[in-house]
Amino acid sequence: MGMPISHIMTSGMSGIRAAGDLVARMELAKGMRIGEAKDYVAKKLDVTTDDLSDEYVMRELREELGIGVITSVAGAPKGIAAKMNIEKLLDLKINSCEKFRGQLK
Amino acid sequence: MATEYKLRMGDGKRIFMTKEQIVADLKEGMADAADLGSIPDLSEDELDKLVDIITMPSRMVGVEQGKEVPVTHDIGTIRIDGDQGNSGVGIPSSRLVGAMMHERAFGADTMELGHIDYSYKPAKPVIAQEMQTMEICQQNMIVPMLYGAMPNMGLYYTPDGPFENPGDLMKAFKIEEARQSMEHSAEHLTRDIVWIMQRMMASGSDGVNFDTVGAAGDGDMYASLHAIEALRKQFPDIYIEAGMAGELMLGMHGELEYDGTTLAGLWPHEQAPLVAKAGANVFGPVCNTNTSKSAAWNLGRAVTFIKAAVKASPIPCHVNMGMGVGGIPMLETPTIDAVSRASKAMVEIAGVDGI
Amino acid sequence: MSNEEMFKELADAVVTCKKDVVTAAVEKARSEGIPAPEIIEKGLAAGMNEVGVLFERGKLFLPHVMMAAGAMEEGVKLLEADMPKDAVTKKLGVIVNGTVEGDVHDIGKAIVSTMLQSAGFEVHDIGRDVPLQNFIDKIKETNADMVGLSALMTTTLQGQKDVIEMLKENGMRDNVKVMVGGAPATQAWAEKIGADCYAENASEAVVKAKELLL
């Protein structure tokens, strides 16, 4: 366990503590290189690319946008709900959200 | 007396080296990679930067602010509840708990669901369990979550599978029979991976991680590339990550081709374009750690190889940086000082898109 | 043509991995009066060493290694009449090679076996997930000079140490060299458990085996 945590501390974007999940999602969804993915997400969030790894900036912004935060804020979107907001924010479809919508009567 | 710096051997043991010795080892490792891969040396500036990273006095180093990259996770939750064989720490927990711990407590940028045996073939008998777990994880998780396993084509050879072991056939000089056995195994492996991923995609998975492509040689890569191609065709939006098993594609068969390129003998910078061509979104290049060499030698070599792969790749490169690869010591508990330095070097010098 | 040039032609012939090219080169060397042991040692064996290097560099692949070894065997057969029988049939050494019990990894070990065999050793590959007693039994049966113990998992490394202990208990340790390998094995581990050598890869396994047995 120490090794991945060391990588996260050294080089990682901190996942949902900041905006690492969003940048990773653009790399994985669209094959964007790191610079392009950061530019894309920063533009969508109206922040700088440096802000994407800044917990101070992203903590409040994530809650405002309803895209999930690490603390269990009562009533705030989590899981599928947060991902549905990410779909709109990043202008892409997420498979689990599609499946969820497909299950609604 | 010259100042000595604390370093590690490739097996993790503490060693002391002067700056001159570090530079010499860096250059030797770099030259080895450049020679094997017919790729460029690092520049003097890049070598200077590597020396700076290695000789920094702090135990842990970090990338410059603003240069952070996503850290993806092979093997996923097995790190929490898995056993020593999977480098797990044996904390009794469900895979959902493991995934949420990574997302909310550790700051992981992506996550992966894998089963304890961690190869595709043995996932078939437990597919319903995998689908159920993926659904539950997807309902609760926010970071991209892939299904991951090893292609592990060796499981299709006797005594584990239906096809005669090519290793035995080869030693008996039955080369054509060995090659046929590999070709048949590759067909079955491709079919199994596609079958499993059809079900995982139906369960809401974001996509698939091919972990340790080519572990059983060029047939293993051949099967994986065809599975990637088939999955991309069937699921245009699937996230596909393909990480290699080693730096050199071992030629067990020797004549298998993909898109007109012979797979055997490919180095990371030659593997990347093929993986992209097949339809992957992210490529995971590998450089193996030599346990008998210093961290300086290993890092000089690994950064040279990976930098060339990053340059040649049309898709993001998430370098493999686990135990015994990417300049990380071959040790069950890789030392934080070595992991941190290798991690920083890969981001800032090799220019990787992720880890 | 000088002898040196002829040795180079023989070595190059082996690198082509083609039997007819090797046998033609051997016939030519014989006709030039080069002694058979020199044809083998300085020509054909040097060619096999080159094949090993090219394999490690990703220029030749496992089937080529076997084809080259097969071609060399044909060449040696042509020289049998010129050599004492035991000199022709004598192998560099007898090696039992396998992956220890509990570990199903086969491929790396199989490559090591192939490289050792093609280098001229008599190799008995006893497979993977091998009960430890089977190593002892096979060493006795074949009167082996060396045992190769592979393990690819941290959980199965202990099997390498156990075999060494069993060799001692059976009074065999002094007569059998022990080589260990596999991803989690290291030089330090080899020293700790009292193995004679650790090999990083298949090519190094051949070099180390020659160092210990020749």
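Atoms considered below: every heavy atom in the structure, side chains included; atoms not considered: hydrogens, waters and symmetry mates. Letters go in sequence order (proteins before strands), and every chain restarts at 1.
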> Would you say B/K277 has more than 12 foreign heavy atoms packed within less than 6.0 Å of its NZ?
Replying inline: no

>> Please determine whether side-chain contact (heavy atoms from CB on, under 4.5 Å) holds for the pair A/K30 and B/N281, giving the CA-CA distance in whole Å, both sets of side-chain angles, and the decisive distance to 0.1 Å.
In response: CA-CA 7 Å; A/K30 304 292 179 190; B/N281 300 102; over 6 Å; no

> What's the spacing between B/I240 CD1 and A/L28 CG if we round to 0.5 Å?
Replying inline: 10.5 Å

>> Please identify, among B/G66, B/A202, B/P144, the residue contributing the most non-hydrogen atom pairs under 4.5 Å to chain A.
In response: B/P144

> Checking B/M100 against chain A: side chain, backbone, both or neither under 4.5 Å from a heavy atom?
Replying inline: neither

> For B/G107 and A/I8, which heavy atoms make the closest approach, and how far apart are they?
Replying inline: O-CG2, 3.8 Å

> Is there a side-chain contact (heavy atoms from CB on, under 4.5 Å) between A/I34 and B/H318 once you walk through the steps?
Replying inline: CA-CA 10 Å; A/I34 181 70; B/H318 285 205; over 6 Å; no

> In terms of heavy-atom pairs under 4.5 Å with chain B, which of A/M9, A/K38, A/E36, A/R17 leads?
Replying inline: A/K38

>> Less than 4.0 angstrom from a charged side-chain N to a carboxylate O is my criterion; do B/D109 and A/R25 meet it?
In response: no

> With a 4.5 angstrom heavy-atom cut-off, which part of B/S313 approaches chain A: side chain, backbone, both or neither?
Replying inline: both

> Among residues 80-101 of chain A, which ones touch chain B with a heavy-atom distance under 4.5 Å?
Replying inline: A/I80, A/A82, A/K83, A/I86, A/I94, A/N95, A/S96, A/K99

> Checking B/M145 against chain A: side chain, backbone, both or neither under 4.5 Å from a heavy atom?
Replying inline: neither

> Looking at B/G354, B/P316, B/A276, which one has more heavy-atom pairs under 4.5 Å with chain A than the rest?
Replying inline: B/P316

> Which of residues 65-77 of chain A get closer than 4.5 angstrom to chain B, counting heavy atoms alone?
Replying inline: A/I67, A/G68, A/I70

> Is there any residue in residues 343-351 of chain B with a non-hydrogen atom under 4.5 Å from a non-hydrogen atom of chain A, and which ones are they?
Replying inline: B/S343, B/K344, B/V347

>> Let's test your reading of the structure: which of B/V69, B/D237, B/V282 forms the most heavy-atom pairs below 4.5 Å with chain A?
In response: B/V69

> Closest approach of B/H73 and A/P4, non-hydrogen atoms and distance?
Replying inline: CE1-CB, 3.4 Å

>> Between A/S11 and chain B, with a heavy-atom cut-off of 4.5 Å, which part of the residue counts as in contact: side chain, backbone, both or neither?
In response: both

> Relative to chain A, which of B/A105, B/G207, B/G88, B/S205 shows the most heavy atom pairs under 4.5 Å?
Replying inline: B/S205

> B/M60 versus A/T10: any side-chain heavy-atom pair under 4.5 Å?
Replying inline: yes

>> Under the criterion side-chain contact (heavy atoms from CB on, under 4.5 Å), I'd like the reasoning laid out for B/N140 against A/K78: C-alpha separation, chi angles, the key distance, then a yes or no.
In response: CA-CA 7 Å; B/N140 289 279; A/K78 300 174 188 66; over 6 Å; no

>> If you count heavy-atom pairs within less than 4.5 Å of chain A, which of B/M141, B/Q138, B/M134 leads?
In response: B/Q138

> Is the CD atom of B/Q65 crowded by more than 12 outside heavy atoms at less than 6.0 Å?
Replying inline: no

> With only heavy atoms counted, which part of B/I142 is less than 4.5 Å from chain A, the side chain, the backbone, both or neither?
Replying inline: both

> Of B/I336, B/T333, B/I328, which is the lone residue that meets side-chain contact (heavy atoms from CB on, under 4.5 Å) with A/M3?
Replying inline: B/I328

> Quick check: does any side chain N or O of A/H7 sit under 3.5 Å from a backbone N or O of B/M321, one acting as donor and the other as acceptor?
Replying inline: yes

>> Checking A/D21 now: which residues fulfil salt bridge (charged side-chain N to carboxylate O under 4.0 Å, His left out) with it, not counting sequence neighbours?
In response: A/R62

> What's the spacing between B/E103 CD and A/I16 CD1 if we round to 0.5 Å?
Replying inline: 4.0 Å

> If every non-hydrogen atom of B/V71 is compared with every non-hydrogen atom of A/G12, which pair is closest and at what distance?
Replying inline: CG2-CA, 3.5 Å

>> Please find the pair of heavy atoms, one from B/P70 and one from A/A24, that lie closest to each other, and give the distance.
In response: CB-CB, 3.8 Å

